Participant: 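After the structure tokens below, expect a handful of questions from me.
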Amino acid sequence: MTNHLGDMQNSKAIIIFGANPASNHPIAMQHILKSKEQNGAKIIVVDPRYTKTAAKSDLYCRIRTGTDIAFLYGMIRLIRDNKWYDKSFIDSRVYGMDEIFKECEEYTPEHVEDVTGCPKEILIQATTAFATADPGCLIWNQGWTQHTVGSSNTRLGSILQLVLGNMGKPGGGTNILRGHDNVQGSTDMGCLSDTLPGYYGLAEGSWKYFASQWKVDYDWLKGRFKSQKMMESKGFSLSLWIHGVLDEANAKNNADTPIKALVCIGNGISTITQTDKVKAALDKLDLVVFIDPYVNDAAVITTRENNLYMLPAASQVECSGTVVNTGRTAQWRSKVIEPLYEARPDEEILFDFAKRMGFYDEYTAGMGKGREFTWPEDATDEIARILKTVGFQGRTAARVKKHTLNWHLFDTTSLKGRGPVSKEYYGLPWPCWTQEHPGSPVLYNVNLPVSQGGMGFRTRFGTERNGVSLLAAQGVAPVGSRIKGGYDEITSKNIEELSGIKLTDEEKKLVEGKNWKTDDSGILVRNALAAGLAPYGNARARTIVWGFRDEIPKHREPLHSFRHDLIKRYPAVADIENHYRTNVRYASEQTAKNWVAEHPINIVSGRVVEHMGTGTETRASKYLSELSGEMYGELHPELAAKLGLKDGEMMWVYGTGEGKIKIKCRYSYRVDKSSVFLPQNFSGVWSGESLESRYPAGTAPHSFGENSNQVTSYGYDQQTSCPETKCSLVRIERA
Ligand SMILES: Nc1nc2c(c(=O)[nH]1)N[C@H]1C(S)=C(S)[C@@H](COP(=O)(O)OP(=O)(O)OC[C@H]3O[C@@H](n4cnc5c(=O)[nH]c(N)nc54)[C@H](O)[C@@H]3O)O[C@H]1N2
Ligand SMILES: Nc1nc2c(c(=O)[nH]1)N[C@H]1C(S)=C(S)[C@@H](COP(=O)(O)OP(=O)(O)OC[C@H]3O[C@@H](n4cnc5c(=O)[nH]c(N)nc54)[C@H](O)[C@@H]3O)O[C@H]1N2
Ligand SMILES: [Mo]
């Protein structure tokens with residue numbers, strides 16, 4: 001998220017793609033509605049389903065799932081032809097816009113209508129309203145990410161904001177409404193299989209940096225892996241691990257061994273595509289451990305009888321520490337009660353694991369005091385010390401606590417504080433470069449000094465490509481910058497020249513061989529800020545990502561496309577070998593057969609307001625179960641009539657894989673005549689059979705339903721491997 005939730009009150013138009021904040025982000029929705037009331041901001045919703053958010057919009061654009069790229073290029077083409085783009089922003093701060101303007105050529109309004117199903121008049125109205133508002137903010141969420149081209153969706157959305165010069169401005173930006181509590185925090189912490197914490201990569205240099213920060217020997221760390229090569233290879237991802245268990249062919253990507261054991265903290269595993277494969281993988285493993293305050297949903301899906309452990313975890317009110325929200329702001333959470341019964345906080349369970357496996361001292365050494373550390377304060381300070389890439393240095397436990405205690409003194413629209421927290425922004429949104437830095441509520445804003453939250457784009461991919469500069473043009477730099485244009489990231493080699501500040505011999509020794517990401521002394525960052533420079537440089541945003549499968553975003557039909565006739569023109573990428581240690585099918589799956597002939601109904605997948613995730617927590621509430629107690633599929637009455645289904649009758653839904661679910665038909669005009677909406681919040685029924693008896697006595701939730709992912713199709717993002725849970729085909733029959 002480049003901006004933050006309250007900042008949406010500064011917007012003059014808001015376009016929402018694949019998000020339904022009225023149900024899923026009610027706080028964000030309040031800010032959106034305020035921008036409408038206070039600024040007359042036009043709200044535009046692009047979604048295959050007429051959601052509660054759409055009901056509050058000024059303009060609703062219904063599109064076919066998986067066609068957002070065509071829609072966006074249609075917008076960009078209209079912006080190009082009407083000269084609504086921000087020429088000076090593009091000329092001075094963007095690299096590669098010509099390629100985008102070329103790619104949009106084929107997306108005429110007529111062609112966009114054919115590909116997306118959205119009438120061309122609506123596309124033109126949406127583009128006109130959004131492109132002529134200054135500033136406009138763009139929101140996306142899971143409707144964009146759960147696709148084979150999800151990463152391209154998110155890139156092209158950001159590019160649209162670059163085209164319009166909406167980046168780096170209050171009221172503009174790309175605002176991604178994230179998911180679980182602290183999901184931004186867990187990404188920052190490297191709960192991903194292809195980064196170390198703070199988005200440091202997996203290369204030897206990063207591991208060596210972490211070894212020194214964690215105060216362990218690099219060779220010891222290396223010894224934990226089968227080889228250095230495996231240490232530096234991306235791991236299995238959450239969506240693909242099942243293939244590491246079930247498909248022997250993937251063993252060769254994993255140091256010649258299939259996965260043998262699984263420790264699952266929270267969930268995520270019963271909510272990926274093709275849940276039947278998850279069950280098969282859980283059944284096959286040697287050992288399965290769940291760490292969860294509730295009986296984990298997946299624990300009930302497996303029928304294994306041995307080596308399945310459930311360790312009761314404490315919930316959030318029984319723990320303390322920082323959480324980070326979608327706008328990059330940190331908040332201190334205090335323990336309300338001691339953990340009940342045998343529940344233990346997650347970290348205690350992990351510490352015990354480390355003790356029994358013999359590396360507890362190494363595990364905790366980074367907190368600096370051996371066995372004597374204070375939890376969680378010392379961990380928070382360790383994070384602040386190490387995660388320099390995203391500017392965590394100023395986010396110590398003491399400062400975060402002070403903000404949370406004084407939260408009433410902060411303005412919700414600007415995040416600015418008053419009184420004892422004046423000159424600081426709520427929650428110290430990163431980057432927060434030093435102990436004195438106020439945090440940065442709006443990324444890439446050059447209208448502020450770096451010391452007050454300003455910055456340009458990051459110099460991340462070199463300073464030139466094919467003879468063309470990747471640095472910001474002359475005249476574009478944060479207010480008060482000594483350098484009046486672009487510059488490289490700060491290193492010990494260029495600090496004196498760029499900042500104009502001479503280092504003492506002692507300082508030189510301290511920073512030798514270091515850069516802004518690795519310098520523990522803080523000298524490089526301090527001097528950069530003193531000269532008004534962003535430690536990470538001042539570059540152009542790039543539209544082209546060299547090394548990606550699609551260097552610029554391209555529309556590609558879903559693997560199980562509703563429009564088989566478009567597959568030739570917009571084919572999936574070639575199959576990928578060793579994609580997060582898995583051999584993944586793309587083109588071969590897409591062309592394996594004419595999927596839509598046998599599975600003619602499109603899934604639109606999303607959430608209900610009453611339940612969270614699998615519903616493990618919320619279906620345990622009597623009251624929420626009373627409000628929303630059963631799984632269903634929404635069908636347009638005309639489609640239902642064709643299938644011979646009355647409102648309230650049961651139907652079988654068959655996926656393109658092995659899975660099938662028996663659910664209630666609910667008539668609805670929210671969906672179009674070829675789709676079924678399946679909420680993702682139910683579980684505990686398996687192809688018509690209740691799993692209630694598998695819960696230990698007294699632990700079953702109050703309501704159950706079929707899991708929609710039994711019928712979602714095979715498919716994973718071509719870059720990130722996120723499952724394609726938002727594009728699937730099914731066949732429906734009266735039960
Ligand atoms: N009440 C409630 N709130 C929640 C959650 C919950 O389960 N319940 N979950 C939390 C979590 S983990 C997350 S990640 C967020 C998710 O928040 P959202 O992303 O808002 O959640 P969804 O309802 O899954 O999907 C959003 C919209 O995407 C649309 N959509 C589907 N396919 C496409 C497509 O191809 N293109 C476009 N443009 N739209 C599409 C759906 O119709 C839906 O309206 O919500 C969080 N908040
Ligand atoms: N078809 C379809 N599938 C989807 C989606 C979709 O839109 N459509 N959305 C996807 C998305 S974005 C998500 S996030 C997932 C849903 O997200 P999941 O994570 O798969 O489902 P949840 O039910 O939210 O699981 C959270 C678990 O964490 C446990 N928990 C809560 N607090 C703690 C704690 O402090 N410690 C520990 N150890 N555990 C705790 C809860 O009891 C629960 O079991 O679904 C994904 N799958
Ligand atoms: Mo999520």
Side-chain angles (χ1 to χ4, degrees), residues 16-26 28-29 45-54 61-69 71-72 116 139-147 149-150 153 157 176-183 238-239 264-273 275 290-299 311-319 326 343-347 349-350 558 602-620 624 628 670-671 675 677-681 683 707-712 722-728:
I16 304 173
F17 286 92
N20 181 13
S23 287
N24 306 326
H25 299 85
M29 192 66 193
V45 169
V46 186
D47 197 301
R49 179 167 176 259
Y50 189 75
T51 59
K52 291 183 180 173
T53 308
C61 316
R62 192 197 293 280
I63 61 166
R64 172 167 66 94
T65 54
T67 62
D68 295 82
I69 291 174
F71 190 91
L72 283 166
T116 68
I139 292 175
W140 79 70
N141 200 349
Q142 299 302 334
W144 262 14
T145 50
Q146 299 166 10
H147 294 280
V149 292
N153 280 335
I176 301 94
L177 306 176
R178 303 212 57 174
H180 283 87
D181 166 45
N182 201 32
V183 71
L238 175 67
S239 54
C264 175
I265 308 178
N267 188 34
I269 65 169
S270 66
T271 44
I272 56 179
T273 47
T275 331
F290 292 106
I291 304 176
D292 200 306
Y294 290 80
V295 174
N296 189 280
D297 183 46
L311 308 183
S315 67
Q316 52 164 291
V317 294
E318 299 164 305
C319 310
T326 183
R344 301 175 72 204
D346 287 296
E347 77 278 0
I349 298 171
L350 294 177
N602 192 32
I603 294 186
V604 179
S605 150
R607 294 165 158 76
V608 298
V609 69
E610 295 85 356
H611 293 299
M612 172 65 200
T614 51
T616 298
E617 294 161 285
T618 45
R619 287 184 291 104
L624 293 172
S628 173
R670 290 183 186 275
V671 281
S675 301
F677 169 73
L678 297 180
Q680 73 120 173
N681 300 110
S683 200
N707 178 337
S708 62
N709 283 312
Q710 272 221 70
V711 293
T712 47
C722 181
E724 193 169 41
T725 29
K726 293 281 195 231
C727 271
S728 297

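Quick caveat: nothing in here was measured; it's all calculated off a predicted structure. Indexing begins at 1, ligand by ligand and atom by atom, following the structure's order.
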Participant: Among all protein heavy atoms, pick out the one at the shortest distance from atom 8 (N) of ligand 2; state its residue, atom name and that distance to 0.1 Å.
Facilitator: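 Going by distance alone, atom 8 (N) of ligand 2 is nearest to Ser605 OG, 2.6 Å.
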Participant: If you count the atoms of ligand 2 from 1 in the order shown, which ones are under 4.0 Å from a heavy atom of Thr725?
Facilitator: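 Answer for ligand 2: 1 (N), 2 (C), 3 (N).
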Participant: With heavy-atom distances below 4.0 Å as the criterion, list the atoms of ligand 2 near Ile265.
Facilitator: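 Numbered from 1, ligand 2 contributes 38 (N).
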Participant: Suppose we measure from atom 38 (N) of ligand 1 to each protein heavy atom; which comes out shortest, and what is that distance?
Facilitator: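 Minimum-distance protein heavy atom for atom 38 (N) of ligand 1 reads Asp68 OD2, 2.7 Å.
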Participant: Just to confirm my output: which protein heavy-atom neighbour is closest to atom 42 (O) of ligand 1, and how far is it?
Facilitator: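 Of every protein heavy atom, Asp47 OD1, 2.6 Å lies nearest to atom 42 (O) of ligand 1.
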Participant: Got the closest protein heavy atom to atom 28 (O) of ligand 2, with its distance?
Facilitator: Gly266 CA, 3.3 Å
Participant: Verify side-chain contact (heavy atoms from CB on, under 4.5 Å) between Thr53 and Asp47, making sure each step is shown before the conclusion.
Facilitator: CA-CA 10 Å; Thr53 308; Asp47 197 301; over 6 Å; no
Participant: If you count the atoms of ligand 2 from 1 in the order shown, which ones are under 4.0 Å from a heavy atom of Gly268?
Facilitator: 18 (P), 19 (O), 20 (O)
Participant: From the options Thr618, Asn681, Asp181, select the one residue that forms a side-chain contact (heavy atoms from CB on, under 4.5 Å) with Met612.
Facilitator: Thr618
Participant: Closer than 4.0 Å to some heavy atom of Ser708 - which atoms of ligand 2 meet that?
Facilitator: 1 (N)
Participant: Report the part of Pro723 in contact with ligand 2, treating N, CA, C, O as backbone and CB onward as side chain, heavy atoms under 4.0 Å; options are side chain, backbone, both, neither.
Facilitator: neither
Participant: Counting only heavy atoms closer than 4.0 Å, does ligand 1 sit against the backbone of Asn681, its side chain, both, or neither?
Facilitator: side chain
Participant: How does Ser23 reach ligand 1, if at all, at less than 4.0 Å between non-hydrogen atoms: by side chain, backbone, both, or neither?
Facilitator: backbone
Participant: Can you tell me how far CZ of Phe17 sits from CG of Asn141, rounded to the nearest 0.5 angstrom?
Facilitator: 13.5 Å
Participant: Is Gln146 close to ligand 2, meaning an N/O of one under 3.5 Å from an N/O of the other?
Facilitator: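 The answer is yes, given that Gln146 and ligand 2 share an N or O pair closer than 3.5 Å.
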Participant: Quick one: does Gly179 get a heavy atom under 4.0 Å from ligand 2?
Facilitator: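 Gly179 does not count as a contact of ligand 2 under the 4.0 Å cut-off.
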Participant: What is the closest protein heavy atom to atom 18 (P) of ligand 1, and at what distance does it sit?
Facilitator: Asn24 ND2, 3.3 Å
Participant: Side chain or backbone of Thr65 under 4.0 Å from ligand 1, or both, or neither, by non-hydrogen atoms?
Facilitator: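 Answer for Thr65: both.
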Participant: Starting from atom 1 (N) of ligand 2, what is the nearest protein heavy atom, named by residue and atom, and what distance separates them?
Facilitator: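 Here the closest protein heavy atom is Asn709 OD1, 3.0 Å.
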Participant: Between Ile272 and ligand 2, find which residue part has any heavy-atom pair under 4.0 Å and reply side chain, backbone, both or neither.
Facilitator: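 Neither; nothing of Ile272 gets under 4.0 Å from ligand 2.
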Participant: Only heavy atoms count here, so choose which of Thr275, Val317, Asp346, Leu311 is nearest to atom 37 (C) of ligand 2.
Facilitator: Asp346
Participant: Closest non-hydrogen protein atom to atom 23 (O) of ligand 2, residue and atom name please, with distance?
Facilitator: Thr614 OG1, 2.4 Å
Participant: Out of Ile291, Ile269, Asp292, which residue meets the side-chain contact (heavy atoms from CB on, under 4.5 Å) rule with Cys264?
Facilitator: Ile269
Participant: Looking only at atom types and distance, does a side-chain atom of Thr67 sit under 3.5 Å from a main-chain N or O of Arg64, one as donor and one as acceptor?
Facilitator: yes
Participant: Of the choices Pro48, Ser628, Pro558, which has the non-hydrogen atom that lies closest to atom 30 (N) of ligand 1?
Facilitator: Pro48
Participant: From the options Asn267, Asp292, Asn707, select the one whose nearest heavy atom is closest to atom 44 (O) of ligand 2.
Facilitator: Asp292
Participant: Determine, stepwise, if the pair Thr725 / Gln680 fulfils side-chain contact (heavy atoms from CB on, under 4.5 Å).
Facilitator: CA-CA 10 Å; Thr725 29; Gln680 73 120 173; over 6 Å; no
Participant: Could you please spell out the steps behind the side-chain contact (heavy atoms from CB on, under 4.5 Å) verdict for Thr326 and His25?
Facilitator: CA-CA 11 Å; Thr326 183; His25 299 85; over 6 Å; no
Participant: Tell me the nearest of Arg619, Glu617, Met612 to atom 31 (C) of ligand 2, using heavy-atom distances.
Facilitator: Glu617
Participant: How close does the nearest protein non-hydrogen atom get to atom 39 (N) of ligand 2, and which residue and atom is it?
Facilitator: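 Ranked first by proximity to atom 39 (N) of ligand 2 is Pro293 CD, 3.3 Å.
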Participant: For a side-chain contact (heavy atoms from CB on, under 4.5 Å) check, start with the C-alpha distance between Asn709 and Ile272, then their side-chain angles and the critical distance, and finish with the verdict.
Facilitator: CA-CA 6 Å; Asn709 283 312; Ile272 56 179; over 6 Å; no
Participant: Name the closest protein heavy atom to atom 34 (C) of ligand 1, giving the residue it belongs to and the distance to 0.1 Å.
Facilitator: Gly143 O, 3.2 Å
Participant: Give me the residue, atom name and distance of the protein heavy atom closest to atom 25 (O) of ligand 1.
Facilitator: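 Protein heavy atom at minimum distance: Lys726 NZ, 3.5 Å.
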Participant: Among side-chain atoms of Asn267 and Thr616, is any donor-acceptor pair under 3.5 angstrom?
Facilitator: no
Participant: For atom 17 (O) of ligand 2, find the nearest protein heavy atom and state the residue, atom name and distance (0.1 Å precision).
Facilitator: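 The closest one turns out to be His180 CE1, 3.2 Å.
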Participant: Looking only at protein heavy atoms, identify the closest one to atom 15 (C) of ligand 2 and say how far it is in Å.
Facilitator: Thr271 OG1, 3.5 Å
Participant: Looking at non-hydrogen atoms alone, which of Arg607, Arg344, Gln680, Gln316 comes nearest to atom 12 (S) of ligand 2?
Facilitator: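 Considering heavy atoms of Arg607, Arg344, Gln680, Gln316, the nearest to atom 12 (S) of ligand 2 sits in Arg607.
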Participant: Hey, does Ser728 sit under 4.0 Å from ligand 2 if you only count heavy atoms?
Facilitator: no
Participant: Answer yes or no: is there a donor N or O on one side and an acceptor on the other, between the side chain of Thr145 and the main chain of Gly150, under 3.5 Å?
Facilitator: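 Flag not set: sc Thr145 to bb Gly150 has no pair under 3.5 Å.
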Participant: Using a 4.0 Å cutoff against the non-hydrogen atoms of Gln142, which atoms of ligand 2 qualify?
Facilitator: 12 (S)
Participant: Closest heavy-atom contact between Ser605 and Lys726?
Facilitator: O-NZ, 2.7 Å
Participant: Give me the residue, atom name and distance of the protein heavy atom closest to atom 35 (O) of ligand 2.
Facilitator: Ala314 O, 3.4 Å
Participant: Heavy atoms only, cut-off 4.0 Å: how does Val604 contact ligand 1, side chain, backbone, both, or neither?
Facilitator: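 The side chain, only.
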